[in-house]
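Here is the naming used below: chain letters follow the sequence lines, and residue numbers restart at 1 for every chain. Remember, it's a predicted structure, so these values are computed and weren't measured experimentally.
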Amino acid sequence: MTSTARLPHAFYQRDAVTVARALLGQRLVRRVPREHAPPLRLAGIIVETEAYLGVPDRAAHTFGGRRTARNRSMWRAGGHAYVYFTYGMHHCLNVVADAENEPVAVLIRALEPVEGLEIMRHRRLKARVDTDLASGPAKLCQAMAIDRALDGEDLVTSDRLWIERARRRALPARKISVGPRVGVAYAGPWADQPLRFHIRENPHVSRPR
DNA sequence: CCTCTGATCTTCT
DNA sequence: GAAGATCAGAGGG
């Protein structure tokens with residue numbers, strides 16, 4: 001029997017590294033209302049994450065504690081969404097972690113699609129194979145119809161975006177691969193920190209160059 | 001397999 | 001005015 005219980009507030013109220021590891025194997029769900037039709041339900045298992053550690057973390061948008069119009073959601077309590085727009089065309093989804101006013105978050109980097117595959121294929125026409133549907137932070141936002149309209153969303157109460165518990169316990173460490181974060185070479189020593197986590201041998205994980 | 005490049009525009013300096 | 005928590009396609013080996 002498949003559980004549909006949402007991850008509770010307390011799940012997110014932990015340090016970003018713990019949350020980044022615990023999110024692996026859980027199910028991200030997007031509900032999209034439609035006129036004259038039942039709502040769409042899109043879902044994918046989280047297979048890759050990165051932790052961003054806030055004020056001291058040179059790679060984080062909240063480095064130095066600077067608040068901007070873009071990053072203000074990161075100061076919210078753990079369990080909210082932080083969605084940003086970048087490169088003039090891409091959106092990326094973060095899950096805010098830890099306590100309110102602790103501006104840390106977890107970037108969701110890849111999903112294994114499990115519900116609404118037909119819709120996702122339609123939204124991702126460039127993907128020749130299903131392992132390319134959501135194998136990157138911007139790809140998954142495209143597949144799941146996630147944009148800035150969902151910035152600041154409360155994942156515990158929202159009817160548009162939430163995360164369900166798909167596994168009872170966190171994945172054992174031996175099934176998680178750990179390494180440096182992608183695309184943050186500018187961050188000095190923080191670029192080398194082991195803050196990227198992904199499920200080992202899962203074909204839906206991103207393949208950065 | 002690998003490296004290089006263009007796209008495209010919001011955000012912040 | 002420049003850069004960016006990216007992606008896709010092209011070209012060469």
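For the side-chain contact (heavy atoms from CB on, under 4.5 Å) with A/His198, the qualifying choice from A/Val205, A/Ile46, A/Thr49 is A/Val205, the only one to do so. Evaluated for a salt bridge (Lys or Arg N to Asp or Glu O under 4.0 Å) with A/Glu153, the options A/Arg76, A/Arg30, A/Arg160 yield exactly one hit, A/Arg160.
Contact of the A/Phe197 side chain with the A/Val17 side chain is registered, since non-hydrogen atoms from C-beta on lie closer than 4.5 Å. A 4.5 Å side-chain heavy-atom check between A/Tyr12 and A/Thr18 finds every atom pair outside the cut-off.
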Under the criterion side chain to side chain donor-acceptor pair (under 3.5 Å), I'd like the reasoning laid out for A/Thr4 against A/Glu164: C-alpha separation, chi angles, the key distance, then a yes or no. CA-CA 6 Å; A/Thr4 57; A/Glu164 294 174 353; 5.6 Å; no

Could you walk me through whether A/Arg14 and A/Asp98 pass the side chain to side chain contact (heavy atoms under 4.5 Å, CB included) test, one step at a time? CA-CA 5 Å; A/Arg14 298 179 287 172; A/Asp98 222 311; over 6 Å; no

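Note on A/Arg196: nothing from the nucleic acid sits closer than 4.0 angstrom, heavy atoms only.
Between A/Asp192 and A/Arg181, none of the side-chain N atoms (NZ, or NE/NH1/NH2) sits under 4.0 Å from a carboxylate O, so this pair counts as no salt bridge. With respect to the salt-bridge test (charged N to carboxylate O, under 4.0 angstrom), the residues A/Asp130 and A/Arg121 qualify. Here A/Arg41 pairs with A/Glu115 in a salt bridge; the nearest charged N to carboxylate O distance falls below 4.0 Å.
Separation of atoms CG (A/Leu23) and CD1 (A/Ile108) is listed at 5.0 Å; rounding is to 0.5 Å. With values rounded to the nearest 0.5 angstrom, A/Leu28 atom CG is found 6.0 Å from A/Leu93 atom CG.
Residues A/His9 and A/Gln13 bring a donor and an acceptor atom of their side chains to less than 3.5 Å of each other. For the residue pair A/Arg124 and A/Gln142, a side-chain donor N or O sits within less than 3.5 Å of a side-chain acceptor on the partner.
Listed for the A/Arg148 side chain is a donor-acceptor partner under 3.5 Å among the backbone atoms of A/Arg70. A/Thr62 contributes a side-chain N or O that, together with a main-chain N or O of A/Pro103, makes up a donor-acceptor pair within less than 3.5 Å.
Contacts between residues 128-148 of chain A and DNA chain C, defined by a heavy-atom separation below 4.0 Å, involve A/Gly136, A/Pro137, A/Ala138, A/Lys139, listed by number. Listed by residue number, A/Phe85, A/Tyr87, A/Gly88, A/Met89 are the residues of residues 85-103 of chain A with a heavy-atom contact under 4.0 Å to DNA chain B. Using a 4.0 Å cut-off on heavy atoms, the residues of residues 60-83 of chain A that approach DNA chain B are A/Arg66, A/Thr68, A/Ala69, A/Arg70, listed by number.
For A/Arg58 and A/Trp190, the positive end is not near the middle of the six-membered ring at less than 6.0 Å and at most 45° from its axis.
Summary of the strand contacts: A/Lys126 and A/Tyr52 both lie near DNA chain C, and taking for each the nucleotide with the nearest heavy atom, the more 5' one is attributed to A/Tyr52.
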Per-nucleotide pairing state of DNA chain B [Watson-Crick or G-U, under 3.5 Å; [ ] pseudoknot-crossing; | other strand]: |||||||.||||.

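If you walk DNA chain C from 5' to 3' and mark each nucleotide with an atom closer than 4.0 Å to a heavy atom of chain A, the marks span C/dG4 to C/dG9. In 5' to 3' order, the nucleotides of DNA chain B bounding all contacts with chain A (an atom under 4.0 Å from a heavy atom) are B/dT3 to B/dT13.
Ring centroids of A/Tyr84 and A/His61 are separated by less than 6.0 Å, placing the two rings close together.
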